[in-house]
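Chain A is the first sequence line, chain B the second, and so forth, proteins listed ahead of strands; every chain is numbered from 1.
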2 protein chains.
Amino acid sequence: MSAAIQADTHPFVRKIETVALFDLSLAEREALSTLPVQVTRFDAHQDVVKEFDRPTRCFAVLSGLAATYKTTPEGRRQVMAYHVPGDVPDFQSLHLEVLDFSISAVTDLSIGFVPHGALRTMFEDHPRLAGAFWRTTLIEGSLAREWALNNSRREAYPRMAHLFCELMVRLDAVGLVQEDSFALPLTQYELGDALGITSVHVNRVLKELRDSGLITLSGGRLTVHDVAALRTVAEFDPTYLHLRRNDSRR
Amino acid sequence: MSAAIQADTHPFVRKIETVALFDLSLAEREALSTLPVQVTRFDAHQDVVKEFDRPTRCFAVLSGLAATYKTTPEGRRQVMAYHVPGDVPDFQSLHLEVLDFSISAVTDLSIGFVPHGALRTMFEDHPRLAGAFWRTTLIEGSLAREWALNNSRREAYPRMAHLFCELMVRLDAVGLVQEDSFALPLTQYELGDALGITSVHVNRVLKELRDSGLITLSGGRLTVHDVAALRTVAEFDPTYLHLRRNDSRR
DNA sequence: CGTCGCTTTGATGCGTCTCAAGCTTCGTGG
DNA sequence: CCACGAAGCTTGAGACGCATCAAAGCGACG
């Protein structure tokens with residue numbers, strides 16, 4: 001998955017511009033773009049942060065794909081969310097001392113770390129920005145609930161369709177979808193971790209979706225042949241993503 | 001379920017006192033306790049707010065039990081969280097225009113509504129309080145993720161044990177547990193809605209838990225006979241609840 | 001004292017898991 | 001440039017967990 005965030009724009013400015021319900025003032029834009037960012041690369045399959053960590057900084061995904069996941073003590077793994085470029089997935093560490101999930105690099109990853117202290121200072125001076133970031137964390141909660149519904153109340157076939165619909169909309173919103181096709185660098189085993197099924201069953205369901213003519217997935221790229229039909233199968237309603245108007249072309 | 005919130009304390013003061021990581025200043029306490037509250041009663045099974053609503057106020061549960069739930073368009077219902085007295089379950093409406101879930105009264109319910117405007121004014125004057133309420137919404141997100149893990153990665157028997165462990169800890173934190181026993185006014189059908197299984201299967205799992213000597217559930221009251229064993233079965237680790245020290249006696 | 005909602009139990013079927021084996025792809029070293 | 005190994009994909013057979021359908025028991029309340 002290639003970088004989609006312009007190098008000349010501070011990632012937090014980008015994020016807030018796409019999420020906030022107001023236009024940034026000059027002072028706010030200045031405060032955001034002078035936040036200190038430490039850029040770090042991670043290899044695929046590395047953990048960026050781990051459950052029970054006590055982070056002292058938040059981070060934005062600059063390029064690549066990241067995944068929030070939890071595991072039962074018994075070792076069963078569940079991916080809770082994927083993070084696309086521009087996302088700030090561990091903002092909760094600013095207000096909750098200990099992390100209740102891990103975040104790993106699905107692909108090679110470029111990450112921008114911002115110290116908690118700088119964020120707190122910024123929020124004191126610019127309370128509207130605090131509200132905007134609060135909003136981003138609420139949207140993440142909304143995604144978590146939709147995943148809980150999807151994974152416990154839909155069978156594997158519509159469940160997978162739903163995941164593909166969500167990813168398409170979210171990747172499209174950051175310009176990573178071309179002609180109903182986007183990079184999806186997940187193994188079938190990893191897809192199973194997200195959907196709560198085994199890789200064997202992922203394979204069979206994928207075959208069904210392929211045979212229905214809805215999608216093809218190969219070479220780490222998903223192509224949707226019939227967006228409307230896929231949405232119908234998935235019962236997909238994007239309300240829970242809380243996108244603003246025109247964030248998505250679909 | 002009887003009221004546990006003292007009538008003479010403003011519910012929002014109560015909530016923040018149990019959640020915030022700092023001691024309230026006099027001004028902050030004053031601001032909270034002068035928030036206008038409109039108390040309203042709901043009968044069991046009524047909806048307090050519905051998915052796609054655009055609320056203009058938040059509310060605190062004063063007494064009774066409430067449930068956040070979503071349904072698929074096909075009609076399958078999933079409870080995402082239970083709310084005990086003191087909780088403020090729809091705080092996200094302050095920052096997200098349209099609700100992505102419904103909240104219903106499980107039992108008869110007493111609710112205190114507070115207008116968004118009053119909250120926004122308070123947050124402008126007292127930014128630390130905004131941080132404290134932000135924290136409460138993050139904790140809800142954490143619960144949603146744990147439920148997603150529980151419902152998709154544990155089988156019905158440990159899954160139910162996990163739900164009981166969570167409810168016991170959270171109800172204990174608000175003083176509603178006596179001698180490892182608490183009110184649990186849910187039908188087996190409703191338990192199925194929370195656990196993602198049918199009421200028939202709830203009945204069989206409940207029987208197993210009873211036969212194991214772990215619990216009894218009758219007359220709307222759950223008694224845990226062996227807390228340690230129930231936790232072991234459930235692989236229960238309360239970290240995700242983000243309680244502060246001494247919030248729970250267990 | 002009959003009715004209605006809830007609980008309990010049985011029989012059968014479906015969705016997904018588990019185990020197992022063969023196949024494809026691709027990167028690496030000879 | 002080919003051989004090989006490792007990782008991932010594909011497919012089959014049988015087992016298991018939970019759903020579904022159905023019916024009978026129980027308890028509370030008018």
Side-chain angles (χ1 to χ4, degrees), chain A residues 43-46 65 72 74-79 105-108 150-163 183-212 215-223 233-234, chain B residues 43-45 71-72 74-78 105-108 150-163 183-212 215-223 233-234:
Chain A
D43 293 334
H45 309 121
Q46 265 188 300
L65 189 67
T72 66
E74 194 201 6
R76 301 174 72 91
R77 175 180 155 114
Q78 177 67 46
V79 169
V106 175
T107 62
D108 289 355
N150 194 40
N151 282 1
S152 72
R153 288 301 182 184
R154 280 193 262 263
E155 292 180 356
Y157 183 80
R159 191 187 301 178
M160 187 179 291
H162 194 280
L163 174 61
L184 189 68
L186 299 173
T187 65
Q188 295 184 356
Y189 189 93
E190 289 170 324
L191 268 176
D193 283 346
L195 296 168
I197 60 181
T198 60
S199 62
V200 172
H201 202 56
V202 166
N203 186 281
R204 298 196 224 267
V205 173
L206 223 31
K207 178 177 157 65
E208 272 188 83
L209 280 168
R210 210 184 312 117
D211 292 350
S212 306
I215 60 152
T216 53
L217 173 58
S218 71
R221 191 158 191 93
L222 181 78
T223 303
V233 164
Chain B
D43 293 335
H45 309 122
T71 53
T72 65
E74 195 201 3
R76 301 174 73 88
R77 174 182 156 112
Q78 176 66 47
V106 175
T107 62
D108 288 355
N150 194 40
N151 281 2
S152 70
R153 289 301 182 183
R154 280 193 262 263
E155 292 180 356
Y157 182 80
R159 191 187 301 178
M160 188 179 290
H162 195 279
L163 173 62
L184 188 68
L186 300 173
T187 65
Q188 295 183 358
Y189 190 92
E190 290 170 322
L191 267 176
D193 282 346
L195 295 169
I197 60 182
T198 60
S199 61
V200 172
H201 201 56
V202 166
N203 185 280
R204 298 196 223 268
V205 172
L206 224 32
K207 178 176 157 66
E208 271 188 83
L209 280 168
R210 209 185 312 115
D211 292 350
S212 307
I215 61 153
T216 54
L217 173 59
S218 71
R221 192 158 190 91
L222 181 77
T223 303
V233 163

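Rounded to whole Å, the distance from CD on A/Glu155 to C1' on D/dC18 is 11 Å. Nucleotide D/dC21 holds its P atom 17 Å from the NE2 atom of B/His201, rounded to whole Å. Taking atom CD of residue A/Glu190 and atom P of nucleotide D/dC9, one finds them 9 Å apart after rounding to whole Å. Nucleotide D/dC18 holds its P atom 16 Å from the CD1 atom of A/Ile197, rounded to whole Å. Separating the CG atom of A/Leu191 from the C1' atom of D/dC9 is a distance of 13 Å, rounded to the nearest angstrom. Between the OH atom of B/Tyr157 and the P atom of D/dC16 there is a distance of 19 Å, given to the nearest Å. Distance, A/Tyr189 OH to D/dT10 C1': 17 Å, rounded to whole Å. B/Asn203 places its CG atom 14 Å from the P atom of D/dC26, with the value rounded to the nearest Å.
Taking CG of A/Leu65 as the reference point, atom CG of A/Leu186 lies at 6.0 Å (rounded to 0.5 Å). Note that the CG atom of A/Leu206 and the OG atom of A/Ser199 stand 11.5 Å from one another [nearest 0.5 Å]. Here the NZ-CG distance, from B/Lys207 to B/Leu209, works out to 12.0 Å after rounding to the nearest 0.5 Å. To the nearest 0.5 Å, the span separating CG on B/Leu195 from CD on B/Gln188 amounts to 11.5 Å. Taken to the nearest 0.5 Å, the CD1 atom of B/Ile215 stands 7.5 Å off from the CE atom of B/Met160.
Among the heavy atoms of the strands lying under 4.0 Å from A/Gly196 are primed sugar atoms or P, OP1, OP2 only; no base atom is included. Residue contacts shown for A/Gly192 are absent, as no nucleic acid heavy atom lies under 4.0 Å away.
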Start with the C-alpha distance between B/Gln78 and B/Asn151, add both sets of side-chain angles, then the distance that settles side chain to side chain contact (heavy atoms under 4.5 Å, CB included), and finish with yes or no.
CA-CA 10 Å; B/Gln78 176 66 47; B/Asn151 281 2; 3.1 Å; yes

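A close approach under 4.0 Å does occur between a side-chain nitrogen or oxygen of B/Thr198 and OP1 or OP2 of D/dA19.
Along DNA chain C, read 5' to 3', the first and last nucleotides having any atom under 4.0 Å from a heavy atom of chain A are C/dG15 to C/dC19.
Residues B/Pro158 and B/Val233 come closest through the heavy atom pair CB-O, 3.4 Å.
Scanning atom types as modelled, one donor and one acceptor separated by under 3.5 angstrom connect the side chain of A/Arg204 and the base of D/dG12.
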